[in-house]
A.B. asks: 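Sharing a structure here in structure tokens format.
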2 protein chains.
Amino acid sequence: MNGRPAAEQTLELSAFVPFRLNRLATGVSQYLAAIYQARFGLDIPQWRVMATVGETACTAQHIAASTRMHKTRVSRAIVELEARDLIERASNERDRRERQVRLTKAGQRLYTELVPLALERERALLACLAPEQLHGFLQGLDVLENFLGLDAQP
Amino acid sequence: MNGRPAAEQTLELSAFVPFRLNRLATGVSQYLAAIYQARFGLDIPQWRVMATVGETACTAQHIAASTRMHKTRVSRAIVELEARDLIERASNERDRRERQVRLTKAGQRLYTELVPLALERERALLACLAPEQLHGFLQGLDVLENFLGLDAQP
DNA sequence: CACAAATAGTTGCGCGCGCAACCTTCAGGG
DNA sequence: CCCTGAAGGTTGCGCGCGCAACTATTTGTG
């Protein structure tokens, strides 16, 4: 356990918050991977595209902006998902540069099967926190995201 | 801001804690990169090796275990740092498989210059949290790490 | 209306990563 | 003692990522 005094002068990596956040994010990703990877054959970019498009169809650029992934990463994930017939793209007549990305029937089936499992996995993870701990942690998350401008939609 | 009710049924990525943690970790890494990257020409693996070896000399395996990096990643970072004369390796007579990794004089100079900057940067980041918020957030971090077994030293 | 600048998206390329295989050295049992 | 298995590190290889450059289309401006 790593409760650390604020005014430390010597650097211990396992007490250094940026490192701890990286390590935690990696750990949580692995904790989730069992769902979308082993069971549905999706990698992280593909999973994020599915999750974004699942609620409402949108453009590749919108996916990139809201997931904060590089547009090439999004582009490649879309190509792969399209090859698996999980998503499809419809040309927009008003602006023929962009294309509307949406789930196919098969994509919707996968989506409605996947989402509850992912949410349950999140719930199981957060269940290790007492209610007030959870609240405090999420509040800290909010403030840090806001400080770094991560939730802004440019 | 993303305070989210616990029992959601629809998945919105920007409210999904695993995604938020990944995004936050990436954001914090970039926030720190200005220090060790632009200013000292270190990438993340190199920086982690320096930080680990800085306090006390140790083996590559120990670095891998305490940073949770793959041993090949550690190995390559060590080779690069050695080429820059920031670290050196001493053969262990008792066990000639392993080698003790430690800072050179130049490495120590860089280290003593770098550490206060990194800690200051961490302090600046966490300063966006009110004292109790910080406490709550770190407590949540502790519990999650413990739940995922991230602080264990196998 | 023409031309410059911006936007949506794709692709070539180099690099860093992890896996698996490998080399060397050590420990331990038959 | 040998010989098998394990441990510390290194290296070959394939893959995914981001950067930069590109195409195609749209918008803005004189």
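The analysis underlying the following values was restricted to heavy atoms, covering all of them including side chains, and did not include hydrogens, waters or symmetry mates.
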A.B. asks: Using heavy atoms and a sub-4.0 Å distance, could you list which residues of residues 72-80 of chain A are near DNA chain C? By number, please.
C.D. replies: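 DNA chain C contact set from residues 72-80 of chain A: A:Thr72, A:Ser75, A:Arg76.
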A.B. asks: Go through the structure and list residues passing side-chain hydrogen bond (donor to acceptor under 3.5 Å, both in side chains) with B:Thr72, not counting sequence neighbours.
C.D. replies: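 By the side-chain hydrogen bond (donor to acceptor under 3.5 Å, both in side chains) rule, B:Thr72 matches B:His70.
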A.B. asks: Under a 4.0 Å N-O cut-off, is there an ion pair linking B:Asp142 with A:Arg20?
C.D. replies: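 Yes.
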A.B. asks: Go through residues 82-98 of chain A and report each residue with a non-hydrogen atom lying under 4.0 Å from DNA chain C, sorted by number.
C.D. replies: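 Close to the strand are A:Arg89, A:Arg97, A:Glu98.
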A.B. asks: Would you say A:Val28 and B:Asn22 make side-chain contact, with heavy atoms under 4.5 Å?
C.D. replies: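 The answer is no, as the side chains (C-beta and beyond) never meet within the 4.5 Å cut-off.
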A.B. asks: Can you list every pair that meets ring-ring contact (aromatic ring centres under 6.0 Å, His included) and has a residue in residues 112-141 of chain B, with sequence neighbours left out?
C.D. replies: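 Residue pairs passing ring-ring contact (aromatic ring centres under 6.0 Å, His included), neighbours aside: A:Phe137-B:Phe137.
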A.B. asks: For the side chain of A:Arg39 and the backbone of A:Ala34, is there at least one donor-acceptor N/O pair under 3.5 Å apart?
C.D. replies: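 No, because the side chain of A:Arg39 does not come within donor-acceptor range (under 3.5 Å) of the backbone of A:Ala34.
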A.B. asks: Can you list, pair by pair, the side-chain donor-acceptor contacts under 3.5 Å of residues 49-61 of chain A, counting residues two or more places apart and other chains?
C.D. replies:
from, atom 1, to, atom 2, distance (Å)
A:Thr52, OG1, A:Arg48, O, 2.7
A:Glu55, OE1, B:Thr10, OG1, 3.3
A:Glu55, OE2, A:Tyr111, OH, 2.4
A:Glu55, OE2, B:Thr10, OG1, 3.2
A:Thr59, OG1, A:His62, N, 3.2

A.B. asks: Please give, in whole Å, the distance from D:dG8 P to B:Gln100 CD?
C.D. replies: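 Spelled out: CD on B:Gln100 to P on D:dG8 is 13 Å.
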A.B. asks: B:Gln108: which residues meet the side-chain contact (heavy atoms from CB on, under 4.5 Å) condition with it, sequence neighbours left out?
C.D. replies: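 If we apply the side-chain contact (heavy atoms from CB on, under 4.5 Å) test to B:Gln108, skipping adjacent residues, the hits are B:Leu103.
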A.B. asks: Nearest-nucleotide wise, let me know which of A:His70 and B:Gln61 is further upstream toward the 5' end of DNA chain D.
C.D. replies: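 Comparing both residues, the 5'-ward one is B:Gln61.
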A.B. asks: The criterion is side-chain contact (heavy atoms from CB on, under 4.5 Å); which residues satisfy it with B:Phe147, sequence neighbours excluded?
C.D. replies: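 B:Phe147 satisfies side-chain contact (heavy atoms from CB on, under 4.5 Å) with A:Tyr31, A:Leu125, A:Cys128 once adjacent residues are dropped.
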A.B. asks: Tell me which pairs pass salt bridge (charged side-chain N to carboxylate O under 4.0 Å, His left out) where either residue lies in residues 100-119 of chain B, with sequence neighbours left out.
C.D. replies: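 Output for this query lists B:Glu88-B:Arg102.
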A.B. asks: Check salt bridge (charged side-chain N to carboxylate O under 4.0 Å, His left out) between B:Arg97 and all other residues, then give those that pass, not counting sequence neighbours.
C.D. replies: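 B:Arg97 satisfies salt bridge (charged side-chain N to carboxylate O under 4.0 Å, His left out) with B:Asp95 once adjacent residues are dropped.
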A.B. asks: What are the 5'-most and 3'-most nucleotides of DNA chain C lying under 4.0 Å from any heavy atom of chain B?
C.D. replies: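 Under 4.0 Å from chain B, the extent on DNA chain C is C:dC17 to C:dC26.
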A.B. asks: Taking the side chain as every heavy atom from C-beta outward, state whether B:Pro45 and B:Arg76 have any atom pair closer than 4.5 Å.
C.D. replies: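 B:Pro45 does not reach B:Arg76 side chain to side chain.
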A.B. asks: Does anything in residues 39-46 of chain B come within less than 4.0 Å of DNA chain C? Heavy atoms only, and list the residues if so.
C.D. replies: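 Hits under 4.0 Å, by residue number: B:Pro45.
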A.B. asks: Please list, chain by chain and in numerical order, all residues satisfying side-chain hydrogen bond (donor to acceptor under 3.5 Å, both in side chains) with B:Asn92, sequence neighbours excluded.
C.D. replies: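 Residues passing side-chain hydrogen bond (donor to acceptor under 3.5 Å, both in side chains) with B:Asn92: B:Glu98.
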A.B. asks: Any donor-acceptor pair under 3.5 Å linking the side chain of A:Gln133 with the backbone of A:Ala130?
C.D. replies: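 Answer holds: yes.
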